[in-house]
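Heads up, the thing below is written out as structure tokens.
These numbers come from a predicted model, not from an experiment. Protein chains get the first letters and strands the later ones, always in sequence-line order, with residue 1 at the start of each.
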There are 2 protein chains.
Amino acid sequence: MKPRINTMGELSVAIGVSRPTLSRFFQDPSRVKAATVKRIEEGLERVEYVPNFFATRMNRKSTDIIGVIIPYLNDLFFNKLLESIEFAAMEAGMTVITLCSHSDPAIEARAAETFMSMNVDGAVVMPLGDHSDQKVHFRLKSRLPFVLVDSRPNTMPNVDYVGTNHVQSTGLITEYLCRVGAPPVFLAMPRGTNFNALERENAYILKSKELGFAPEIIGTEMLQDNWHFEDHGEAALGAEFAQGRLMDRSILCANDRVAVGAIRAAARHGLVPGSSTKGGLRIAGHDENPLCPYLNPALTTVAQNTDAIGKKAVSRLLQIIRGNVEDDTPEITLFDGYLKLRESA
Amino acid sequence: MKPRINTMGELSVAIGVSRPTLSRFFQDPSRVKAATVKRIEEGLERVEYVPNFFATRMNRKSTDIIGVIIPYLNDLFFNKLLESIEFAAMEAGMTVITLCSHSDPAIEARAAETFMSMNVDGAVVMPLGDHSDQKVHFRLKSRLPFVLVDSRPNTMPNVDYVGTNHVQSTGLITEYLCRVGAPPVFLAMPRGTNFNALERENAYILKSKELGFAPEIIGTEMLQDNWHFEDHGEAALGAEFAQGRLMDRSILCANDRVAVGAIRAAARHGLVPGSSTKGGLRIAGHDENPLCPYLNPALTTVAQNTDAIGKKAVSRLLQIIRGNVEDDTPEITLFDGYLKLRESA
DNA sequence: TCCTCCCTTTTACACGTGTAAAGCGTGCCG
DNA sequence: CGGCACGCTTTACACGTGTAAAAGGGAGGA
């Protein structure tokens, strides 16, 4: 076992280089002459030393940390977004610390406090649908560079935001469904749960006017008492099928998890949604949840460009952090969705 | 806006309470007289102050942080495990910091260094199947309380470990499949990728000897060049179906993600695996991935007790941290799996 | 009125590293 | 050989909080 060394001071006597030089070395080796770098690196080979994370961050003007808040862990879509954010931040040399709200506004609030107490350089927040405490977001915004991602309360128009253009994305899939069959019915989320679902619903109505068909919307009420989107989709569409309705229609779901439930409802009624069957049931979703290709039938959907969203969120944050902003006008960036045609529609 | 205060020193003059008393208050209000607590709390109402996370952790003997390493983000099973760990740690008053390996041993190694530099009280690691650099785990183990979770290299028998008893769990589903139909074929993972899959394969062979049938194993070779377990399952079973084989057998898959692919392969060949069809194709998995109930058909599987595993990992870690261990014998805890009977088998 | 106990304040030092300023040694150039 | 620039060392102070020891103050009891 190598001898263990706890402080930079001990290390400096152990390898015969002054402490300030070591400090510069650990921050950026190029600030130290090559020969000295070699001597330090050889010394580190013979010894067990790790600089103290807290001590280093306490004194730097910048902590090089980006805090990310994710709403819950049981949804691969958010994990994909998180992955994209983490890679973008890694590339920029930032350390990412992720905290999860676990569907609880109180936990989200605590996470925000933790980030403030850490003096993170900036924060990326994916909110809890309608359930976030907006005071928490305002507080974060007032204290540090802050970007909202994925969804946005309509009461916060003055915050940097990166997301999907739901008018475009929902319009795209609506047009597609009209092109290959009868105009779709919209399977919504219950009221008061999810900004994105409501935006898509409105985009669907808009597109229906443009194309000249009468919008039909189901699933606006909560039939289930739990919070699983899949169960909501299954219950809402199942109720229609039970009355013999909609069995040969196109169903556009507010998101993929609702669509998963819709497909289950179809299976229970002996129906197989599909693009190949002429004039039959079709089901489409929204988001491109990673499990879409593996469903039976594989789910046709509109992909959100999670890669672009994550990259943009990080680059915008860095722009604010580094002060490369002429004015403090918040920037709203919306990426287009793109069709993912599979078996279900 | 409330006036912003940056240090405990400023706060102490602002509300007229000495700094050491404030320090005690923030660590544990019960160590301060009730009247003083009230005065401090009233003061905090009028002022904007957050204690510095780094400064507090630097000087305490204990950082109250548990570090968790998760192998990748695109698998809900690990997220479920993480959720259980986070709740258990939260209940114990610990802060959890999670870092993701993103399938890359180098990133995993960096995460381990980060935890060591943070002086976390302990670390929970879910390894990268066969791909973790074991030196990293040994290094962590030598420096701090350390528990391995979910999977374990056979070269690390002397480390605390919490997981599932695969002999029991695989035996259970094997027995079930034998009870309701012909003895199952085992759909394995390619060699050199996954300790758990191999353990289950061995458990299957063991049980086949006990029940007196000849084990049949497919999928030990990698047909796909990518790393998606689902694609492996689809390719391996699809190759059998293409030859007209196994179309009326029970298929026991090494895990649920492989089973997802197996179900896809069945669908492509016009087969519907199911428990209801007499003598027909059956497909079963292992793990109870959260998406199992939403597949078509819903996947029969053996659930790992993720809740118990997460709780035990945290409680064992706390036991080591608090020194409540008589000797340093590593503790191996294996929980039983339990059947989740659904449509597919 | 005095004593005692409890909680607070005061004072001082500690944690491990960042960072600025001044002094020193070395090698290069003319 | 003298001068200069560069990079290192030395020295000193800073960050924000933990923590220990000693001194102070107020309430309660005798």
From the options C/dG16, D/dG16, C/dC7, select the nucleotide whose nearest atom is closest to the side chain of A/Thr7. C/dG16
Is there a side-chain polar atom (N or O) of A/Arg24 under 4.0 Å from OP1 or OP2 of D/dC8? yes
Send over the distance from B/Ile40 CD1 to C/dC7 P, rounded to a whole Å. 14 Å
Check: D/dG16 base within 3.5 Å donor-acceptor of B/Arg19 side chain: no
Could you check how far CG of B/Asn59 sits from C1' of C/dA12, rounded to whole Å? 14 Å
Does atom CG of A/Asn324 have more than 12 heavy-atom neighbours from other groups under 6.0 Å away? yes
Length of the CG-C1' vector between B/Leu11 and D/dG18, whole Å: 16 Å
So A/Pro51, base contact, sugar-phosphate only, or nothing? Heavy-atom distance under 4.0 Å. sugar-phosphate
Please state how far atom CE in B/Met118 lies from atom P in C/dT17, giving the value in whole angstrom units. 15 Å
Distance check: side-chain N/O of B/Thr36 vs OP1/OP2 of C/dT8, anything under 4.0 Å? yes
Taking NZ, NE, NH1 and NH2 as the nitrogens, is one of them in A/Glu42 or A/Lys38 under 4.0 Å from a carboxylate oxygen of the other? yes
Within this structure, what is the CZ-to-P distance between A/Arg57 and C/dT17, rounded to whole angstrom? 12 Å
Report yes if a side-chain nitrogen or oxygen of A/Ser18 is closer than 4.0 Å to either non-bridging phosphate oxygen (OP1 or OP2) of D/dT10; otherwise report no. no
Atom-pair distance (CG on A/Asn52; C1' on D/dC15), nearest Å: 13 Å
Go through C/dT8, C/dT17, D/dG18 for me and flag the one nearest to the B/Met8 side chain. D/dG18
In whole angstroms, how far is the C1' atom of C/dA14 from the CZ atom of A/Phe54? 18 Å
Please work out if A/Thr56 contacts a base, only the sugar-phosphate, or nothing of the nucleic acid, heavy-atom cut-off 4.0 Å. sugar-phosphate
With the side chain of B/Val17 defined as its heavy atoms from C-beta on, choose the nearest nucleotide among D/dG18, D/dT11, C/dT9. C/dT9
Given D/dG16, is OP1 or OP2 found less than 4.0 Å from the side-chain N or O atoms of B/Tyr49? no
Lys/Arg cation over aromatic A/Phe54: B/Arg57, 6.0 Å, 45° cone: no
Out of C/dG18, D/dG18, C/dC7, which has the shortest distance to the side chain of B/Lys33? C/dC7
With a 4.5 Å heavy-atom cut-off, do B/Phe115 and B/Ile97 have their side chains touching? yes
So, does A/Thr21 get its side chain near the phosphate of D/dC8, meaning an N or O under 4.0 Å from OP1 or OP2? no
Output the rounded distance in Å from CD (A/Gln27) to C1' (C/dG16). 13 Å
Aromatic rings B/Tyr72 and B/Phe78: how do their planes relate, parallel, tilted or perpendicular, breaks at 30° and 60°? perpendicular
Assert: residue with more 5' nearest nucleotide on DNA chain D, out of B/Met58 and B/Arg31, is B/Met58
Has B/Asp328 got more than 12 heavy atoms of other residues, nucleotides or ligands less than 6.0 Å from its CG? no
